[in-house]
Amino acid sequence: MRRGEEPMVPEAGFRSYYGQPIIKAPVWHEPHMPVYLYLGGLSGAAATMAAVAGLAGNDRLALTARATAAFGAVAGAGFLVAELGRPARFLNMMRVFKPTSPMSMGSWILAAHGATTGLAAASALAPVLPAWRIIAPLRVPVLGDAAVAASALTGPLMATYTAVLLADTAIPAWHEARKELPFLFAGSALASAGAAGMLATPGASAAPARAVAVLGAAVETAAGALMEHRLGLVGEPYRTGEAGRRMRIARALTVGGGLLATVAGRSRVLTALSGAALTAGALYTRFGLLAAGRASAADPKYTVVPQRLRLEAGQPASVPADS
Amino acid sequence: MAERMGFFTDTSICIGCKACEVACKEWNDVPDDGFVFRATSYDNTGSLGADTWRHVAFIERPSEESGDGLDGWLMSSDVCKHCTHAACLDVCPTGALFHTEFETVVVQADVCNGCGYCVPACPYGVIARRERDGRAFKCTMCYDRQLGGLEPACAKACPTDSIQFGPLDELRARADERVATLHEQGRTDARLYGASPDDGVGGDGAFFLLLDEPEVYGLPPDPVVTTRDLPQMWRWAAGAALSLTGVVALSFLGFSDRGRGR
């Protein structure tokens with residue numbers, strides 16, 4: 001309850017109401033919310049990979065990516081609905097189109113992305129259906145290619161909007177990370193989709209997936225390191241406690257899986273190890289982010305100290321008059 | 001639109017009776033919020049939440065001379081701030097949260113699907129999800145009573161007029177006078193919180209007269225509506241989305257399978 005006498009070390013003397021949190025922690029559950037974030041990223045990057053693989057003529061990898069993208073979107077939507085306090089009212093998301101709400105925009109992105117990736121996967125898998133001869137004149141592959149092209153637009157949005165979802169809150173560890181989080185999510189999504197591509201595609205055709213995985217792991221690691229470095233006190237939850245443990249495991253798995261992917265080549269064992277490590281790393285990142293958000297909300301220090309410093313610097317917060 | 005209505009909570013005359021908490025629960029049918037002995041003075045509600053729409057805080061000030069014993073009390077009835085720029089409303093994906101004709105912020109219980117996004121968005125930690133119900137709840141400034149021309153239950157029940165309800169402009173003028181009076185009486189620590197339309201949320205519909213720094217009462221000293229930075233967030237996300245596409249394109253260079261292995 002005492003105030004520090006030296007402004008150089010304000011965290012030593014911040015005041016609070018019996019140490020209680022000021023803001024509320026996110027109510028989102030495990031595993032629903034972090035798994036949704038993982039599946040959304042996986043699906044988004046896989047859709048992009050499907051489109052580029054199609055253009056590059058790598059049909060085998062394109063097929064894997066199409067199936068992965070559709071699976072991620074459908075399974076992700078399932079986790080999203082299950083997370084709601086009133087799942088039966090999921091469609092209320094569709095009653096407004098609201099640019100000030102990243103979750104509203106995300107719902108529309110997910111709807112569009114689910115439709116395009118679903119159509120893309122269905123058209124690729126349709127030829128194995130017994131009824132193919134009947135529906136073949138409907139030019140399903142052309143429809144499918146159009147859907148793939150569209151999902152190359154929805155995919156990158158799907159993989160990165162979730163960063164805005166987290167950043168657009170009062171949680172200091174999330175809000176202040178608004179510049180790095182999109183790149184952390186993009187990198188993690190690439191690593192996830194690359195891993196899935198490696199795991200489910202024969203060696204020769206999987207080479208670009210390995211490259212996606214390696215580059216994605218590099219982007220994820222760099223963005224995470226930059227974020228923790230830049231945030232200072234507000235970034236403490238990413239380094240300490242349960243969240244810190246998860247983030248460290250995530251980084252070890254991502255770096256290890258990424259390095260393995262560079263040498264995995266056509267080795268099935270190394271490919272399996274690398275793909276599993278990258279997938280686990282991407283999941284750990286999402287669970288770590290949620291834990292860091294909870295820790296950031298639980299300690300009033302992260303809310304009070306930066307705001308107090310702002311006031312003492314004579315730069316109180318304000319909103320533009322037109323907003 | 002009707003006049004903007006608000007609360008002015010003058011904590012200098014709060015006696016900590018909790019009549020506001022009781023009246024709120026009675027009128028709004030707010031469920032039990034748990035009977036917990038918190039060992040933090042006489043506070044047994046703790047904080048605002050889905051089942052606590054008024055919360056009376058008790059701050060015990062130790063004696064400055066001896067370091068032990070009580071020198072004085074601070075008591076304050078906290079409530080939803082009904083921000084001009086309300087983050088909970090901005091981020092709500094269903095439109096369940098809306099601005100009423102009194103410019104208060106209210107959840108439509110028949111629309112809310114319990115996504116929980118408003119909860120971490122609020123810079124004051126007010127709104128919360130009622131887990132056994134699934135939806136989000138908070139103070140409505142007694143929207144139903146206002147529609148009937150009545151003042152909210154908490155203000156009606158307050159025995160000292162610590163909680164005052166009325167047109168926001170009138171309340172702000174009255175609050176300025178009250179601060180001036182207290183300063184004349186030597187209470188130089190009196191200050192208004194949430195009264196300025198120039199702050200990070202565009203001013204609160206429910207503002208306070210405090211006798212110490214806001215964080216002592218569990219209030220953020222310089223809150224900001226998170227959506228203020230939303231354009232910047234989308235710009236960075238767009239950059240990341242483009243980078244993602246670029247990385248995928250880059251990864252396929254030199255690995256073209258066309259004409260090979262088919």
Side-chain angles (χ1 to χ4, degrees), chain A residues 15-18 20-24 26-28 45 48-49 52 56-58 84-86 89-90 92-93 95-96 100-101 103-104 107 156-157 159-161 163-164 167-171 175 178-179 182-183 186 190 204-205 207-208 211-212 215 303-304 307-308 310-311 316-319 323, chain B residues 40 46-47 57 85 87 90-95 111 113-117 119-123 125 128-129 134-135 198-202 213 215-218 220-222 224-230 232-234 236-237 239-241 243-245 247-252 255-258 261:
Chain A
R15 305 169 81 194
S16 74
Y17 183 67
Y18 301 103
Q20 286 184 192
I22 286 183
I23 54 169
K24 293 267 185 287
V27 292
W28 297 316
T48 312
M49 204 162 76
V52 180
N58 189 336
L84 296 176
R86 290 286 177 100
R89 292 187 179 178
F90 171 71
N92 280 9
M93 297 280 192
R95 69 188 281 280
V96 288
T100 63
S101 169
M103 194 180 284
S104 172
S107 299
L157 294 175
T160 53
Y161 97 82
V164 182
D168 193 29
T169 60
I171 309 288
H175 186 74
R178 55 190 178 272
K179 295 177 181 173
F183 287 91
L190 287 165
S205 302
V212 167
L215 293 173
T303 301
V304 171
Q307 294 187 11
R308 187 46 71 191
R310 208 152 67 201
L311 291 174
S318 62
V319 278
S323 71
Chain B
T40 54
S47 60
H85 299 295
D90 282 347
V91 305
C92 175
T94 62
V111 176
N113 69 2
C115 76
Y117 200 12
V119 178
C122 173
R129 190 159 77 179
R135 294 172 295 181
D198 301 323
D199 68 16
V201 297
E213 287 170 349
E215 54 266 40
V216 173
Y217 296 86
D222 189 36
V224 60
V225 54
T226 181
T227 42
R228 183 193 67 176
D229 303 316
L230 194 54
Q232 183 198 34
M233 294 178 214
W234 280 120
W236 282 85
S243 306
L244 183 145
T245 310
V247 166
V248 173
L250 194 68
S251 302
F252 279 83
F255 292 118
S256 175
D257 256 21
R258 204 177 286 280

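Chain naming here is simple, since letters A, B, ... match the order of the sequence lines and numbering starts at 1 in each. Just so it is clear, the structure is predicted and the values come from calculations on it, not from any experiment.
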Under 3.5 Å: donor-acceptor pair, side chain of R129(B), backbone of G114(B): yes

My understanding is that only residues two or more places apart in sequence, or in another chain, count here; which of them pass side-chain hydrogen bond (donor to acceptor under 3.5 Å, both in side chains) with Y117(B)? none

N/O donor-acceptor pair under 3.5 Å between Q20(A) side chain and G46(B) backbone: yes

Turns out that what part of A87(B) lies under 4.5 Å from chain A's heavy atoms comes down to neither

Hey, which of P156(A), P208(A), A170(A) has the most heavy atom pairs under 4.5 Å with chain B? P208(A)

Counting heavy-atom pairs under 4.5 angstrom with chain A, the leader among G95(B), C115(B), S47(B) is C115(B)

Side chain, backbone, both or neither: which part of F90(A) has a non-hydrogen atom closer than 4.5 Å to chain B? backbone

Which atoms of T40(B) come close to chain A, meaning under 4.5 Å heavy atom to heavy atom: side chain ones, backbone ones, both, or neither? both

Top contributor to chain A interface from A57(B), P221(B), G134(B) [non-hydrogen pairs under 4.5 Å]: P221(B)

Derivation and outcome, side-chain contact (heavy atoms from CB on, under 4.5 Å), residues R89(A) and L84(A): CA-CA 8 Å; R89(A) 292 187 179 178; L84(A) 296 176; over 6 Å; no

For R310(A), the salt bridge (charged side-chain N to carboxylate O under 4.0 Å, His left out) test, sequence neighbours excluded, returns D222(B)

Side chain, backbone, both or neither: which part of L230(B) has an atom under 4.5 Å from a heavy atom of chain A? side chain

Please classify the contact of C92(B) with chain A as side chain, backbone, both or neither, using a heavy-atom distance under 4.5 Å. both

Select one option (side chain, backbone, both, neither) describing which atoms of A167(A) are under 4.5 Å from chain B's heavy atoms. both

Can you check whether H175(A)'s main-chain N or O pairs, donor with acceptor, with R178(A)'s side chain at less than 3.5 Å? yes

Counting N and O atoms only, with roles assigned by atom type, does the side chain of R228(B) sit under 3.5 Å from a partner on the main chain of S318(A), one being a donor and the other an acceptor? yes

Do D168(A) and T227(B) pass the side-chain contact (heavy atoms from CB on, under 4.5 Å) test, and can you show the C-alpha distance, the side-chain angles, and the key distance before you say yes or no? CA-CA 6 Å; D168(A) 193 29; T227(B) 42; 3.3 Å; yes

Strictly distance-based, threshold 3.5 Å: is any side-chain N or O of R95(A) a donor or acceptor partner for the main-chain N or O of T94(B)? yes

S107(A) portion near chain B, given a 4.5 angstrom heavy-atom threshold: neither

Largest heavy-atom contact set with chain B, pairs under 4.5 Å, which of S101(A), P182(A), A211(A): S101(A)

Is it the backbone or the side chain of D198(B) that comes under 4.5 Å from a heavy atom of chain A, or both, or neither? backbone

I need the residue from T303(A), L157(A), I23(A) with the largest number of non-hydrogen atom pairs under 4.5 Å to chain B. I23(A)

Among P123(B), A128(B), P220(B), who wins on heavy-atom pairs under 4.5 Å with chain A? P220(B)

